[in-house]
Q: 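There's a structure below that I have some questions on.
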Amino acid sequence: MSSDPLQDRDEGIADPLASGLAVALVWLFALAMLAIAPLVTRPQPTGRGWYLAPVNWPILTLGVALLAGGVLLWRWGWLGRVAGWRAFRRRAMGAFEGMGATLGYALAFVLYIQIIAWAGFAIATVLFVALLFWASGLRDRTWALRGLGLSLGLIVIFRGIIDIWFPLAPLLRGLPDPVIRAIGGYL
Amino acid sequence: MDSLIAGFEAILTWQVLMALVLGAITGIVVGAVPGLEPAGAMAILLPFSLQMEALSGITLLLGAYGGAWYGGAIPAILIRVPGTPVNVLTTYDGHPMAQRGEAMRALSLAYSASFVGGVISIAALILLAPYLAGIASRFGAPEYAMVMLLATVSVVLAHQRQLAAAVMMLALGMFLGSVGFESPFNTQRYTFGQVWLYGGIPLIPAVIGLFAMSQAFILLETRQPRSRAEVDLSGSRFRGLFEVFRYKRTLARSGALGTVMGVLPGVGEFGAQFLSYAWARRASKTPEEFGKGSPEGLVASESSINACTSTVMVPLLALGIAADPLMAMLLAVFMIHNIIPGPQLFANNPDFISGLYVALFMLNVIALVFLLFATKYIVKLSNLTPRVIGATIMVLALIGSYTQNFRLTDALFTLAFAVIGRFLIRNAIPVFPLVVGLVLGPMLEMRLKQSLSLSSGDFTIFLTRPVAAVLLALSVATVVVFLWATLRGRTTTTYPEGGRHEAE
């Protein structure tokens, strides 16, 4: 084990060139928001103090964000010149490392929301947890059973005990009444 | 005495006690599992706390918040991985003690030091909050604006190594806070005609996304636990419990430092533990043992961390200012129950305030007793597969986002902030200032507008009112002292031995 306990927190340590690219994206967002400020805020009513104008606060905050970001970008450019263009480009793109998997999980989450609306919380949760386990590499039969156990545990806690309300899903409306009465509260 | 009895009466209901126990255990478990943070636990519990009665809801969140600092010591001592980021210094002395077969001693010493720190903090809260509230009752808009300015300065300066990034994210958060309807003209800003943006950026989905679901993404990609805990937990669990009082001076010093640092927004546990550890080493008769398993070092770091946990509530209770995301979540629970923090709270809700004090004390007792008897079982949680925790958090985040308004679309807000949070964390850009900006921005804008309306746009109103001027001077002085210390640090370098050498 390393002598520096902070080294274990790998998410807190990033390549400055990759961080710079992330800052650049935030900075561009702030710049775009500042540019459209007059279009998305109402003009100052006549006869009222200038300090009440709706556009003031966005201009002030975005201006500060751009200035602070500008300092970071200036340092980023300097680091880039030292590293050389090819290394700069390669290392800067490290900003997106791991984001593919993140977007994959995000897509799964969107599907989860859709399936809840269509098939109810219980079925959607079983499918979602199974998908997350599979996608994250927990793929054998033991993990499948553990995933099912986890899903059932969450369903019992949140639907059975805490009784969180979900609307009756379209898929479940066709079920016979006795089934709905027996397990509808969990679905 | 009467108010103390009223406080006990307020919390001696099964709902409050259950919330306290559940919150404390959740917090301890979250603290004991590396990779999970108290903010994430609070974010997930927040929607449930909103459904409860005021005191129950607040004790649930407080339990999670306070319990996490206790639990964070477990992996820090046993496997040298801080359970929460603020337990870094606990690893320095706690883990060497565990390595030489004194794990149980180190753990019980850490628990009792945390307990003493917590009790000192509660005493300070009881003394400070009403006093500050008394002063705050004379505050007007300019004073509140300057308090918030001081809070933002503190939050930024707490990110010592990422100052520019912290300023950028704080300002961006303040901008995002301006989306939606603005006052006094009730016009829309940055809503693009979208109805779902009229109410502004919702705080709770943002907090759940940034602090809970973004962590879930990281955990789902983590192959193995950070390190497996296979340590000898034999020995008396009570050994360190009373040993802590052998270090009375260290306890008093660290407790006092933690208490003071807790009041300063954004500085809290991090600043307190580093300062108190450095101070304890300097004052110790055996400074050479620090970092090699010194019980005194362990006491210094753990007591200072927990000494912040109650005084961080001073600005919230006395002034109604939530200066960090954790307090913002508590503020949300206050507001939903129509309890308005600030000077009037002490006059209008004395039973609630007394109940809160007693609940904080009970939290420390519950955490201490629970840990003394359940540590062996909690240790096993360090070995949980991170991907399983990640999958669980994803479902909890959905439930947390949904239950606020029973709208599944709120979960999409959470998801957007989670992806943004994951990207920012990956690139070491701080997310805390973003949420602080989201919370403080609208309040600061409103108070500035009110102040300038009072003076017809004359900025000298912040200099001519004595309290506002003092607060402004404090903000300026804080920045000046920080810059001076930074420049001084560039010309000299401190080495672990404590000597100061000229940098080459």
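Letters A, B, ... mirror the listed sequences (proteins, then strands); counts begin at 1.
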Q: Under 4.5 Å heavy-atom distance to chain B, tell me which part of A:Trp165 shows up: side chain, backbone, both or neither.
A: both
Q: If I measure from the heavy atoms of chain A, does B:Phe181 come under 4.5 Å with its side chain, its backbone, both, or neither?
A: neither
Q: Dump the intermediate steps for side chain to side chain contact (heavy atoms under 4.5 Å, CB included) on B:Leu172 and A:Thr61, then the final yes or no.
A: CA-CA 7 Å; B:Leu172 199 67; A:Thr61 52; over 6 Å; no
Q: Is B:Gln188 in contact with chain A via its backbone, its side chain, both, or neither, using a 4.5 Å heavy-atom distance?
A: backbone
Q: What part of A:Ala117 is in contact with chain B, defined as an atom under 4.5 angstrom from a non-hydrogen atom: side chain, backbone, both or neither?
A: both
Q: Can you say whether A:Leu60 sits under 4.5 Å from chain B via the side chain, the backbone, both, or neither, judging by heavy atoms?
A: neither
Q: Pick one of side chain, backbone, both or neither for A:Leu52, based on which atoms fall under 4.5 Å of a heavy atom in chain B.
A: both
Q: Under a 4.5 Å heavy-atom cut-off, does chain A meet the side chain of B:Ala166, its backbone, both or neither?
A: neither
Q: Could you walk me through whether A:Ile116 and B:Tyr402 pass the side chain to side chain contact (heavy atoms under 4.5 Å, CB included) check?
A: CA-CA 11 Å; A:Ile116 288 177; B:Tyr402 168 74; over 6 Å; no
Q: Can you list the residues of residues 79-86 of chain A that sit under 4.5 Å from chain B, counting heavy atoms only?
A: none
Q: Which region of A:Val129, side chain (C-beta onward) or backbone (N, CA, C, O), has a non-hydrogen atom less than 4.5 Å from a non-hydrogen atom of chain B, or is it both or neither?
A: side chain
Q: Side chain, backbone, both or neither: which part of A:Thr41 has a non-hydrogen atom closer than 4.5 Å to chain B?
A: both
Q: Of all heavy-atom pairs between A:Ala95 and B:Arg426, which one has the smallest distance, and what is that distance?
A: O-CG, 4.0 Å
Q: Which bit of B:Leu163 is near chain A, if near means a heavy-atom gap under 4.5 Å: side chain, backbone, both or neither?
A: neither
Q: Side chain to side chain contact (heavy atoms under 4.5 Å, CB included), that's the test. Do B:Val395 and A:Phe158 meet it? Break it down for me.
A: CA-CA 10 Å; B:Val395 177; A:Phe158 291 110; 5.6 Å; no
Q: Which bit of A:Leu150 is near chain B, if near means a heavy-atom gap under 4.5 Å: side chain, backbone, both or neither?
A: side chain
Q: Please output the residues of residues 99-108 of chain A in contact with chain B, using a heavy-atom cutoff of under 4.5 Å, in numerical order.
A: A:Met99, A:Ala101, A:Thr102, A:Leu103, A:Tyr105, A:Ala106
Q: Which region of B:Ile429, side chain (C-beta onward) or backbone (N, CA, C, O), has a non-hydrogen atom less than 4.5 Å from a non-hydrogen atom of chain A, or is it both or neither?
A: side chain
Q: Minimum heavy-atom separation for A:Pro58 to B:Arg189, with atom names?
A: CD-NH1, 3.9 Å
Q: What part of B:Leu170 lies closer than 4.5 angstrom to a heavy atom of chain A: side chain, backbone, both or neither?
A: neither
Q: Heavy-atom distance under 4.5 Å to chain B: side chain of A:Tyr112, backbone, both or neither?
A: side chain
Q: What verdict does the side chain to side chain contact (heavy atoms under 4.5 Å, CB included) test give for A:Phe128 and B:Leu398, after you've listed the backbone C-alpha separation in whole Å, the side-chain angles of each residue and the deciding distance to 0.1 Å?
A: CA-CA 11 Å; A:Phe128 180 58; B:Leu398 177 279; over 6 Å; no
Q: Give, as side chain, backbone, both or neither, the part of B:Val388 having an atom under 4.5 angstrom from any heavy atom of chain A.
A: both
Q: What is the minimum heavy-atom distance between A:Trp50 and B:Gly457, and which atoms define it?
A: CZ2-O, 4.0 Å
Q: Starting at CD1 of A:Ile59, measure out to OG of B:Ser178 and round the result to the nearest 0.5 Å.
A: 11.0 Å
Q: What are the two closest non-hydrogen atoms of A:Phe109 and B:Ala411, and how far apart are they?
A: CE2-O, 3.7 Å
Q: Side chain, backbone, both or neither: which part of A:Arg146 has a heavy atom under 4.5 Å from chain B?
A: neither
Q: Is B:Ile420 in contact with chain A via its backbone, its side chain, both, or neither, using a 4.5 Å heavy-atom distance?
A: neither
Q: For B:Ser453, is it the side chain, the backbone, both or neither that has a heavy atom under 4.5 Å from a heavy atom of chain A?
A: both
Q: Do the ring planes of B:Phe423 and A:Phe96 sit parallel (below 30°), tilted (30 to 60°) or perpendicular (above 60°)?
A: parallel
Q: With a 4.5 angstrom heavy-atom cut-off, is it the side chain or the backbone of A:Tyr51 that approaches chain B, or both, or neither?
A: both
